[in-house]
Structure formats: structure tokens, C-alpha cells
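First comes the structure, then the notes that go with it.
Just follow the structure's listing: the first ligand is 1, and inside any ligand the first atom is 1. Scope of the values below: all heavy atoms of this structure, side chains included, with no hydrogens, waters or symmetry mates.
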Amino acid sequence: MSDSSSHNNHNNDHHKTPHELFDEFLNKAKELKNRAEALDLKSKYLGKNGPFSTILKSLKDVAIEVKKEIGQQCNTYKDQMELLIKEKLEELEMYEMNRALEEKWIDITLRNSNREMGLNSAGLHPVSIVQREIEDIFISMGFEVLDGPYIEDDHHNFTALNVPADHPARDMQDTFWFPDKKHLLRTHTSTIQVHGMEMHKPPFKFVGPGKVFRCERTDASHEMVFHQLEGMMVDKGISVSHLIYFMKTLLSEIFRRDVDVRLRPGFFPFVEPGFELDIKCLICQGKGCSVCKKLGWVELLPCGMVHPNVLRAGKIDPSEYQGFAFGLGLDRLVMMRYVIDDIRLIHAGDLRFISQFKAY
Ligand code: FA5
């Protein structure tokens with residue numbers, strides 16, 4: 001079909017006058033959308049095999065006057081067409097350049113929204129996602145968020161937390177000591193309790209998230225560098241029921257569904273009474289696996305009522321003020337929430353793994 005129509009066109013071209021061809025050219029020139037089309041039109045009408053060349057070639061055998069007249073006519077049209085195409089090309093070049101500028105225009109004052117830069121939740125590390133959510137939950141309940149240093153002294157990591165020198169509880173957490181034997185990498189975020197009491201007079205309530213360091217053998221649920229989130233509330237008349245209320249709120253906000261937990265006595269020198277809050281392992285649904293060490297339960301949220309000695313070390317009178325504290329295992333919580341069966345995956349730094357996590 002297209003073959004036969006082009007054939008017809010060709011035949012028709014043969015009989016068209018230079019004026020008709022020029023008219024036709026002008027009409028087509030109006031429709032030109034880009035430079036490629038303009039160049040195409042040029043070669044069709046002005047090229048060696050174009051209709052004007054064909055007419056000029058066919059003038060060989062006609063009378064000299066006719067030859068002159070038609071030849072002149074053709075050349076005038078050709079010159080005009082040449083000029084018109086030149087102008088059209090310039091015009092289209094400007095238009096294309098402006099359009100490209102508009103399309104590729106970059107507003108350098110805009111904030112970068114590149115996901116891979118980690119600037120929105122799709123690019124955040126799962127520990128950061130959960131940490132921020134917990135911070136928001138506690139901020140909404142009037143808590144402050146505090147920070148503390150990784151390098152601590154004996155006082156902040158142990159003594160002020162009712163763990164005097166030579167106390168056997170120092171061996172509960174294997175410590176990375178500095179060669180001066182005075183400084184260490186904090187083994188828990190409970191150091192932030194001590195800083196918090198230095199900074200604030202009661203009543204106060206804060207959370208303190210961060211990295212902690214222990215010289216431990218790694219396995220599916222243990223890392224040497226991991227994350228905890230400390231919490232402390234001190235006021236008049238604080239009791240275990242406050243503690244349980246805040247822990248329940250935290251877990252229901254984080255999991256947004258019923259999860260089985262159990263509270264059992266736990267020993268930590270800085271709390272009395274002390275509790276271990278375990279969550280039924282969500283990796284094996286309590287059947288027993290490498291994460292829960294075949295127990296069906298995962299230690300997640302140790303907590304208790306702040307020991308009077310800790311309050312005293314923080315210059316707070318325990319007969320006037322009471323408090324509760326907790327030290328959430330943040331990586332374990334991340335594992336339970338996203339059903340990750342090995343803590344080492346969380347910290348291996350493989351972006352293919354890390355970039356899968358989104359906030360709820
Ligand atoms: C403590 O570190 C206490 N400071 C917590 C505390 C704070 C108790 C305030 C009472 C009041 P523990 O050593 O059990 O406790 O660690 C707390 C949590 O951190 C554990 O329940 C667990 O979830 C997590 N955790 C402990 N060791 C590791 C590890 N090697 N790798 C990953 N997570 C760990």
C-alpha cells in the first residue's frame with residue numbers, strides 16, 4: 001500500500017510545475033517539528049534526486065526559451081527554499097535547546113531526595129528506622145532523647161551504676177579496656193543514665209539510644225558492636241506499674257499486633273527489683289531456633305526499679321524520688337520485627353540486604 005502510494009507520488013511529482021512544488025514545500029515546512037525533519041525535507045526537495053533536479057534534467061530537449069524560463073524559475077524557488085530551510089533549522093535549534101534546558105533544568109536550591117543517600121526512610125538502616133520510631137513514641141510521651149560518648153570511664157560504666165571495683169558483676173559484660181586501664185568502650189547504654197542524672201534535677205524522663213561494645217564471641221544473636229536503647233524515668237511515687245505501662249506501650253506501638261511477652265526476675269546491680277522482659281521468638285514462633293538458643297524466648301528488654309545507690313550516686317534522694325530504667329536490645333528488636341534470623345546480616349554492610357527495609 002505504502003509502496004504504491006509512493007510510486008504514485010513519484011509519478012505526480014513528474015507533472016507538477018515548479019510553482020506547485022514550491023507551494024507543497026511551503027506547506028510541509030509549516031509542519032516541521034524538529035531539525036531531523038527539516039533536513040529530510042531539504043534533501044527530498046533540493047537533493048540530487050529531488051523533483052527540481054528532475055525538472056532541470058528534463059529540460060535538455062526543450063526549446064531554449066522554455067529552458068531559460070523554467071530553469072530560472074526553478075533556481076529562484078530553490079534559493080528561496082534553501083533560505084527557508086536555513087532559517088527553519090536555526091529556529092528549531094533554538095527551540096530544541098530551550099526545551100532541553102527546561103527538561104533538564106536543575107533547581108540547586110532543592111533538598112536532595114536521592115534515596116540511596118539515606119535521606120528518607122527507604123534508604124535508612126533498619127536499626128535507624130526502629131530507633132527513630134521508638135524515639136518518636138517516647139517523645140510523644142514527654143521523654144527527652146539523650147546521647148552519650150562511646151569512650152567512657154570506669155565511673156560512668158560501672159561504679160556510678162552500683163558496680164564497684166572487684167564486684168563480680170563486672171564480668172557479666174566482657175569489656176574492651178584501653179591500655180590505660182581507666183577508659184573503656186561502653187558496654188551498655190546505662191552510662192547515659194549517669195550522664196542524665198548529672199545533667200538533670202528530678203523529675204525527668206529520657207531515652208538514650210546508641211552503639212555498645214562487648215568483647216564477645218559472635219553468633220546468630222550476639223554481635224561485638226550492637227545497639228541498645230536506654231530509658232530512665234525519675235519522679236515522686238514511681239512504681240513497677242509505671243514501668244510495665246511504658247514497656248507495654250512501647251511493644252504495642254512497635255509491633256502493632258499482639259506479641260507474647262513474659263516478665264521474670266532478672267539481676268542487674270543497678271536495679272532492684274530487676275526484670276527480664278522476653279518476647280516469644282518470632283523467628284520460630286516459640287518452637288526453638290538458633291536465635292533463641294532453642295528456648296523459644298528472646299531476651300529483649302531488661303528493666304527494673306532504679307537502685308537507691310544509683311540515685312544517690314546521681315545526687316538524688318531515694319527517699320524522695322523513685323525511678324525505673326530499661327535497656328532495650330535494639331538489634332534483637334529489629335530481628336523480631338523484620339524476622340531476620342541472624343544478627344550478623346544486620347551489620348555486614350551489604351546494601352542489597354540493608355536497602356530492603358521500610359518503616360511500617
Ligand atoms: C544490660 O546491658 C543492662 N544495661 C540493661 C538494663 C538497663 C537493665 C537498665 C536494667 C535497667 P544486658 O547485658 O542483658 O543488660 O543487655 C541488654 C540487652 O541487649 C539484651 O537483652 C539483649 O537484647 C541485648 N544484647 C546483649 N548482648 C548482646 C549482643 N552481644 N549482641 C546483641 N544484642 C545483645
Exercise for the section: Consider only side-chain N and O atoms of His347 and Asp331, and report whether a donor and an acceptor are under 3.5 Å apart. Expected result: yes
Handout entry: Nearest atoms (heavy-atom pairs only) where Phe326 meets Val207
Key = CZ-CG1, 4.2 Å
Handout entry: By side chain to side chain donor-acceptor pair (under 3.5 Å) - contacts of His167 (at least two apart)
Key = none
Completion exercise
Contacts of Phe226 meeting ring pair (Phe, Tyr, Trp, His ring centres under 6.0 Å) (sequence neighbours excluded), chain-then-number -> none
Handout entry: By salt bridge (Lys or Arg N to Asp or Glu O under 4.0 Å) - contacts of Arg352 (at least two apart)
Key = Asp350
Practice task
Would you mind reporting whether Asp154 and Trp177 have side-chain heavy atoms less than 4.5 Å apart?
Solution key: yes
Exercise for the section: Check each protein residue for a heavy atom under 4.0 Å from ligand 1 and list those that pass, ordered by chain and number. Expected result: Gln173, His188, Ser190, Gln193, Arg214, Glu216, Ser221, His222, Glu223, Phe226, Gln228, Glu230, Phe268, Phe270, Val271, Glu299, Leu300, Pro302, Cys303, Ala325, Phe326, Gly327, Gly329, Arg332, Ile343
